[in-house]
2 protein chains.
Amino acid sequence: MKSELKKLKEAGFKLTPQRRAILEVLRSSGIHMSVDEIHEKVKKKCPQAGLATTYRTLDLFRGLGLVTNINLGEGHKHYELRRKNHYHLVCLGCGNVTEFRPSISNEIERELSGDCGFKVIDYHVEFYGYCSKCLEKGEN
Amino acid sequence: MKSELKKLKEAGFKLTPQRRAILEVLRSSGIHMSVDEIHEKVKKKCPQAGLATTYRTLDLFRGLGLVTNINLGEGHKHYELRRKNHYHLVCLGCGNVTEFRPSISNEIERELSGDCGFKVIDYHVEFYGYCSKCLEKGEN
DNA sequence: TTAATTGCAAACTCTTTGCAGATAA
DNA sequence: TTATCTGCAAAGAGTTTGCAATTAA
């Protein structure tokens, strides 16, 4: 059994088709999605699935540390499977969101714990700017 | 005239009492606030000020680059005067949000532009964890 | 004088909740 | 069998918008 399902079960929750479908959707699309996007994809597997269940399930998953929700400045939440050590690059030109794994992220954590006594559990990092394609095209 | 008002005027916008009040509120409280918090403080200076105006003004300011809005995982936006080079440390124990100016932030920008050809304009960085006080108290 | 701005209220969007029926264990 | 979970619909919270009146320039 894949690790997320295992965690769910171990925490005493039922493995319903809806929960399996939501996990599959999150897995199949590596990148973050809005609740609506997730729900649309879930309905292809579970046509009767309700939006409220998607909200409830994502919140349950977040509580278990299976997913994180991120903010892209829009008016709604985005969720993705939790993976450590990735930053988002949001292009102000084309709107694309890509990922970035900086080689120095460990140094930041070290600096944090040293200077501030702050123990890092998780982080959300979003850089806004222009991707190489948009830089080539335009005059940014 | 302070620089934010100057920018507003230069961009062709009127300097209304409401806009001045919102700027003053943002300046007086260094840290981020929710729209509601901002509006409550604005009403002390402009009792008749409407909430919609606060929303419109903050969005106008954001468009001009005067403020940035950040996300703390709650269901509403937070705004603050735009200042470069600061990261948020969100304590999962006491909920306090403090700031952090990492000495290596320039290196990240350099790595970004080198490896990815991505030109950084702005960023939001939030680290979640436990502050020194909570670490002393608890067993985290 | 006049185009920009405002307050109000209504509309809209996203999210949460209550509840009766359905279902995994 | 039974406590958990679901779908539905209604409620709630935050945000945006239309419009007539007001106001900065």
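In what follows, every chain begins at residue 1, and chains take the letters A, B, ... in the order their sequences are listed. Only this structure's heavy atoms are used, side chains among them; waters, hydrogens and symmetry mates stay out.
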Spacing of A:L5 atom CG relative to C:dA25 atom C1', expressed in whole Å: 15 Å
A:T53 side-chain N/O to D:dG7 phosphate OP1/OP2 under 4.0 Å: yes
Distance below 4.0 Å between A:Y55 side-chain N/O and C:dT15 OP1 or OP2: yes
Which residue lies more 5' along DNA chain D, comparing B:Y79 with B:K14 via nearest heavy atoms: B:Y79
A:H76 side-chain proximity, nearest of D:dC5, C:dC8, C:dC14: C:dC14
Residues B:D59, B:R62: salt bridge by 4.0 Å N-O rule: yes
C:dT23 OP1/OP2 closer than 4.0 Å to side-chain N/O of A:T16: no
Between P of C:dT6 and NZ of B:K45, the distance in whole Å: 17 Å
Nearest-Å distance for atom pair CG/C1', residues B:D36 and D:dT15: 11 Å
Nucleotide C:dT15, atom P - distance to CG of A:D59 in whole Å: 11 Å
Spacing of B:L58 atom CG relative to D:dT15 atom P, expressed in whole Å: 10 Å
Whole-Å gap separating P (D:dT15) and CZ (B:R62): 12 Å
Pairwise side-chain contact, B:H76 with B:V35, heavy-atom cut-off 4.5 Å (strictly under): no
Atom pair distance, as rounded to whole Å: NZ in A:K9 and C1' in D:dC5: 16 Å
Out of D:dT17, C:dT15, C:dG18, whichever nucleotide has its closest atom nearest the side chain of A:V35: C:dT15
Sugar-phosphate only, base, or nothing, as touched by B:R19 at under 4.0 Å among non-hydrogen atoms: sugar-phosphate
B:H39 side chain vs B:A49 backbone, donor-acceptor pair below 3.5 Å: yes
B:K77 side-chain N/O to D:dT16 phosphate OP1/OP2 under 4.0 Å: yes
Whole angstrom value for the distance that separates C1' of C:dA24 from CD of A:Q18: 11 Å
A:V25 backbone acceptor or donor facing A:S28 side chain under 3.5 Å: yes
The single option from B:R20, B:R27, B:R19 passing side chain to side chain donor-acceptor pair (under 3.5 Å) against B:E4: B:R27
OP1 or OP2 of C:dA22 under 4.0 Å from side-chain N/O of A:Q48: no
B:P17 or B:L51, whichever maps to the more 5' nucleotide of DNA chain D: B:L51
